[in-house]
Amino acid sequence: MRTSPIRTLVAVDDVIDPQTIETILADPGISVVGVVDQASGIPGLKASGAEVLLVACGAPAGDVVDFVSAATRAEHGLPVVVVCAGSPNGFVGDVLTSGADDIVLVDAASTPGPDTFFAMQKALARRTGGGTRDGQGSLVCVLGPKGGIGKTLTATNLGVALADAGHRTVVVDLDLQFGDAGLALGLQPERTIYDLATSGGVLDAEKVDGFLAEHESGLHVLLAPVRPDQAAAVSVEFLRELYATLTKAFAYVVVDTPPGFTPEVIATIDAATSICMMGMLDAPSLKNTKLGMETLGLMGYPLDRVRMVLNRADSNVGISHADVVAVLGRPPDVLIPSQREVVRHINAGQPIVTAARRSEPAKALRALSDLVIADTAPPPSPASNNGGGRRPLLRRR
């Protein structure tokens, strides 16, 4: 995320509390280029030099939805963030459907400034697209609304495949209560994300490096806490800072998430360059995968940056691949077949992409790593020669 002020045009209605506006605009990350009244119609957004249109309303109203819809049609490509006071009552879905990139709900007890600036950062990052940003690495979020569908298998093997291909890669186990990335890789949890979160001090690359476990493939891993009660120590604010640090030091940051859209998972999605959405060949999983994709759409995440992965894709359970496409609305990008040796290698702490390279599951997972590399590769530069994508190792001063 950027740290320089965001040039912002603010559109207000006639009922927004002036104190709320003052609190928002007092954020040093927001540089106001103008304030207009929503009732006056759609201003010349791009002509104002604004990077973001901030629509502030004192209460949910159809007029605000109409204004947002008209603004997004008039100035395609300019992010729109809505700040709303009062009870939403379905207003959130209407605003997002009308074209807004994000919405921040505020009340008397909240502090809208930082939340609003963060929403604007997200909107700008989404509109500028995927791939490596400003020389930073890529964050790949392995997502799945249902447990037991192979997220950890996919995240750990994807990380090993990327590292084995010569890319400096780290896996973050974000299943803070019951994470199994260490077991899947045969690593002992000597230091975990809990230890890092509670260590205090500045969070920089050198410090983070001391809390990472290293796999024989060259993959680095930030392991989950050893006890469920330690999960509370890992805050959303800590994760934002952690991801910013890791993407400066690694070519790829792969995050293994727990089921559902928890605050920690949402923060990871916001920071993600791309997403691997997991599903499995059974009706509950497909239903939840579809809902997960719809949720990403409502959050404003570009669905063309989501790779859909179907695990146990050759299981004979009475669901055809035509049924899968009919439910999900698109064919999966990667099909991971079901083989007994996958479980055997997981139990032994051996990534299948290296332990059984010629197996069909290993080939599928390597195909996923190839897609991730293709999706996140920066445009080629004649002046660059980075040794096939390898990034320099961390060096201690």
[Y] and [X], any side-chain heavy atoms less than 4.5 Å apart:
X: Lys151; Y: Pro259; result: yes
X: Cys141; Y: Thr268; result: yes
X: Leu239; Y: Leu174; result: yes
X: Leu143; Y: Phe261; result: yes
X: Val254; Y: Leu219; result: no
X: Ile30; Y: Ile6; result: no
X: Phe67; Y: Asp13; result: no
X: Lys146; Y: Pro284; result: yes

Could you check whether any side-chain N or O of [X] sits under 3.5 Å from a backbone N or O of [Y], counting only pairs where one atom can act as donor and the other as acceptor?
X: Arg191; Y: Leu196; result: no
X: Ser285; Y: Asp282; result: no
X: Asp333; Y: Met308; result: yes
X: His321; Y: Ala313; result: yes
X: Asp102; Y: Val81; result: no
X: Thr169; Y: Val160; result: no
X: Asn157; Y: Ile352; result: yes
X: Gln350; Y: His345; result: no
X: Arg305; Y: Thr273; result: yes
X: Asp370; Y: Ala367; result: no

Open item on the list: Regarding Asp164 and Arg366, does a basic nitrogen lie under 4.0 Å from an acidic carboxylate oxygen?
Closed with: yes

Heavy-atom pair with the smallest gap, counting every atom of [X] and [Y]:
X: Phe117; Y: Gly29; answer: CE1-O, 3.2 Å
X: Glu341; Y: Ala356; answer: OE1-CB, 3.7 Å
X: Ala119; Y: Val104; answer: CB-CG2, 3.7 Å
X: Leu158; Y: Cys276; answer: CD2-SG, 4.4 Å
X: Cys84; Y: Ile103; answer: CB-CD1, 4.4 Å
X: Val64; Y: Cys57; answer: CG2-CB, 3.7 Å

Rounded to the nearest 0.5 Å, how far apart are [atom1] of [X] and [atom2] of [Y]?
X: Glu264; Y: Ile266; atom1: CD; atom2: CD1; value: 9.0 Å
X: Glu360; Y: Asp314; atom1: CD; atom2: CG; value: 9.5 Å
X: Phe211; Y: Ile193; atom1: CZ; atom2: CD1; value: 11.0 Å
X: Met293; Y: Leu296; atom1: CE; atom2: CG; value: 6.5 Å
X: Asp175; Y: Leu223; atom1: CG; atom2: CG; value: 12.5 Å
X: Leu286; Y: Leu291; atom1: CG; atom2: CG; value: 11.0 Å

- [ ] Go through the steps to decide whether Leu162 and Phe250 satisfy the test side chain to side chain contact (heavy atoms under 4.5 Å, CB included), and finish with yes or no.
- [x] CA-CA 11 Å; Leu162 291 168; Phe250 289 87; over 6 Å; no

Which side-chain N or O atoms in residues 230-238 pair as donor and acceptor under 3.5 Å with protein atoms at least two apart or in another chain?
residue, atom, partner, partner atom, Å
Gln230, OE1, Val226, N, 3.4
Ser235, OG, Phe238, N, 3.1

Open item on the list: Pairing donors with acceptors under 3.5 angstrom, does anything connect the side chains of Ser69 and Asp66?
Closed with: no

All N/O donor-acceptor pairs, side-chain side in residues 180-190, below 3.5 Å, sequence neighbours left out:
none

Single-linkage hydrophobic cluster, 4.5 Å side-chain cutoff, [X] and [Y] together:
X: Val15; Y: Val65; value: no
X: Val306; Y: Val324; value: yes
X: Leu222; Y: Tyr194; value: no
X: Leu303; Y: Val327; value: yes
X: Met277; Y: Val325; value: no

Task: Derivation of the side chain to side chain contact (heavy atoms under 4.5 Å, CB included) call for Ile373 and Tyr252 - done: CA-CA 9 Å; Ile373 293 170; Tyr252 290 98; 3.7 Å; yes

TODO: Step by step, work out the side chain to side chain contact (heavy atoms under 4.5 Å, CB included) result for Leu281 and Leu310.
DONE: CA-CA 7 Å; Leu281 204 58; Leu310 188 66; 3.9 Å; yes

- [ ] Take Val334 and Arg307 through the test side chain to side chain contact (heavy atoms under 4.5 Å, CB included) and record every step on the way to the result.
- [x] CA-CA 8 Å; Val334 176; Arg307 290 293 186 178; over 6 Å; no

